[in-house]
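In what follows, every chain begins at residue 1, and chains take the letters A, B, ... in the order their sequences are listed.
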Number of protein chains: 2
Amino acid sequence: MARTAGSHSGITGPKVRQAALELFAKHGYAAVSMRQIASEVGVQAGALYNYTPDKQSLLFDLMQAHMTELMAALPDGNTDQPLQMLEHFVRFHIAFHHDRPEAVFIAYMELRNLNEQNFAVIEEMRGAYEDKLQGILIAGQASGVWGVKDAKIATFAVIAMLTGVNTWFRSAGRLSLAEVQDQYWEMVRKAVGAD
Amino acid sequence: MARTAGSHSGITGPKVRQAALELFAKHGYAAVSMRQIASEVGVQAGALYNYTPDKQSLLFDLMQAHMTELMAALPDGNTDQPLQMLEHFVRFHIAFHHDRPEAVFIAYMELRNLNEQNFAVIEEMRGAYEDKLQGILIAGQASGVWGVKDAKIATFAVIAMLTGVNTWFRSAGRLSLAEVQDQYWEMVRKAVGAD
DNA sequence: GTCTATATTCTGATAGAC
DNA sequence: GTCTATCAGAATATAGAC
């Protein structure tokens with residue numbers, strides 16, 4: 001029997017989120033209409049409002065889910081081994097971001113389209129993630145594994161460098177992700193002055 | 001005498017570009033209306049079309065002007081001195097981008113809002129800029145000043161790292177721009193393996 | 001849970017008066 | 001060069017039928 005209107009399939013919710021993720025990443029939040037999302041899902045625009053109170057919540061939920069996943073996926077590690085922890089962070093960040101390019105893109109590009117209150121939530125989560133790296137850099141500095149002048153600056157520099165991979169790396173290219181991870185790890189290791 | 005309608009002030013053109021620059025950077029191209037730009041300038045929406053054929057051209061002109069300025073401001077340098085050239089590139093990139101945060105923001109965030117033909121133009125200019133850095137990295141590698149495994153990857157890594165400064169640095173903060181330049185130069189120098 | 005229909009507002013762009 | 005007025009369509013969100 002063909003799928004009919006009001007079929008109660010039970011998977012429309014995830015499909016709405018997936019369609020919003022792809023469309024926001026491709027065209028930008030402001031450029032995407034609820035009608036476009038509905039069309040991608042295969043329903044009329046009005047039906048979307050069974051799954052989100054408004055467009056803003058749709059964006060916020062995507063970004064919050066991404067940041068929550070990011071924090072959950074990053075293990076704590078052993079603070080007695082800063083070099084190992086830093087290497088793990090570098091490889092983790094590259095792999096995690098490579099696996100979900102749309103969510104990463106949205107998380108970086110659509111911050112200004114969050115309302116004030118939603119922005120504060122996401123910014124705090126981002127800060128918590130940065131603090132993880134900063135903690136590693138401070139631990140390594142304290143135990144003399146490397147020497148960075150300013151852990152805060154090094155944190156920003158490393159994260160920007162690693163996140164940049166997403167702008168150019170393609171699986172079909174001349175390098176494997178593992179090779180990219182190796183080379184970025186070598187650059188980070190040298191940059192912080194570890195031998 | 002008060003400023004009247006049709007005052008032929010002769011400065012409306014630049015004001016349109018400046019208003020578009022600020023509004024696009026703050027809210028995003030798609031989220032800004034021609035009426036908003038007109039309001040910022042102090043004219044009615046229809047008057048804008050004396051200065052731009054359409055909204056897309058306004059975006060393109062801003063991005064193209066920015067990239068042209070960027071290429072013009074980056075001097076060629078002496079290829080016999082790769083270390084000096086790299087240091088100069090690092091300091092230049094940070095300073096130039098710091099001086100025009102709105103244009104930089106637009107150049108990175110609004111690429112997807114360019115039409116196909118305009119996108120190709122901007123992408124080529126961006127490629128030419130990246131080639132400047134890549135040329136420096138290859139020159140230093142050839143003369144044994146440093147050792148980078150892959151000049152292309154190192155180019156992406158360095159540019160991403162340097163551009164990231166704009167996301168956090170504020171003149172009123174605890175560090176001067178010169179200090180930031182010093183620390184980024186140290187990290188880049190170490191990352192490429194120069195001693 | 002999804003539909004159709006609609007309220008209300010806004011959009012980019014143009015025409016013609018001054 | 002700027003204005004007012006307007007076109008034709010698209011936007012978010014809601015109401016009520018099924």
Check your understanding: For the atom pair OG1 (B:Thr12) and OH (B:Tyr51), what is the distance rounded to the nearest 0.5 Å?
Key -> 4.0 Å

Point to revise | side-chain hydrogen bond (donor to acceptor under 3.5 Å, both in side chains) evaluation trace for A:His97 with A:Tyr108 | key: CA-CA 12 Å; A:His97 285 63; A:Tyr108 278 83; 4.6 Å; no

Review point. Any salt bridge between B:Glu123 and B:Arg126, counting N to O under 4.0 Å?
Key: yes

Review point. Roughly, in whole Å, what's the span from CG in A:Leu23 to C1' in D:dA11?
Key: 16 Å

Exercise for review: Say whether A:Val188 and A:Val145 are linked into one hydrophobic cluster, either directly or through other cluster members, by side-chain heavy-atom distances under 4.5 angstrom.
Suggested key: yes

Point to revise | Distance, rounded to the nearest Å, where B:Leu48 contributes CG and C:dT14 contributes P | key: 13 Å

Study note, to complete from the structure: Closest heavy-atom pair, B:Ala128 versus B:Met71, reported as atoms and distance to 0.1 Å, is CB-CE, 3.9 Å

**Study point:** Atom-pair distance (CD on A:Gln56; C1' on D:dA13), nearest Å
**Key:** 15 Å

**Study point:** Nearest-Å distance for atom pair CG/P, residues B:Asn50 and C:dG16
**Key:** 16 Å

Review point. For C:dT2, does either OP1 or OP2 sit under 4.0 Å from a side-chain N or O belonging to A:Thr12?
Key: yes

Which protein N or O atoms sit under 3.5 Å from an N or O of nucleotides 7-11 of chain C?
unit_1: C:dT11; atom_1: OP1; unit_2: B:Ser33; atom_2: OG; d: 3.3

Point to revise | Row check, A:Phe96 ring normal vs A:Arg100 NZ/CZ: under 6.0 Å, within 45° | key: yes

Review point. Mind checking whether A:Leu83 and A:Leu137 sit in one hydrophobic cluster, side chains of I, L, V, M, F, W, Y counted as touching below 4.5 Å?
Key: yes

Practice item. Give the angle between the helix axes at the two ends of the helix from C:dG1-D:dC18 to C:dC18-D:dG1, taking five base pairs at each end and rounding to 10°. Key: 0°

Point to revise | Spacing between B:Lys15 atom NZ and D:dG1 atom P, to the nearest angstrom | key: 14 Å

Check your understanding: If you measure from the Lys or Arg side-chain nitrogens to the Asp or Glu carboxylate oxygens, is any gap between A:Glu186 and B:Lys149 under 4.0 Å?
Key -> yes

Study note, to complete from the structure: Between B:Ala178 and B:Arg91, the two heavy atoms sitting closest are O-NH1, 4.4 Å

**Study point:** For atom OH of A:Tyr49 and atom P of D:dA11, their distance in whole Å
**Key:** 11 Å

**Study point:** Value in whole Å for how far the P atom of C:dC3 lies from CD of A:Gln44
**Key:** 5 Å

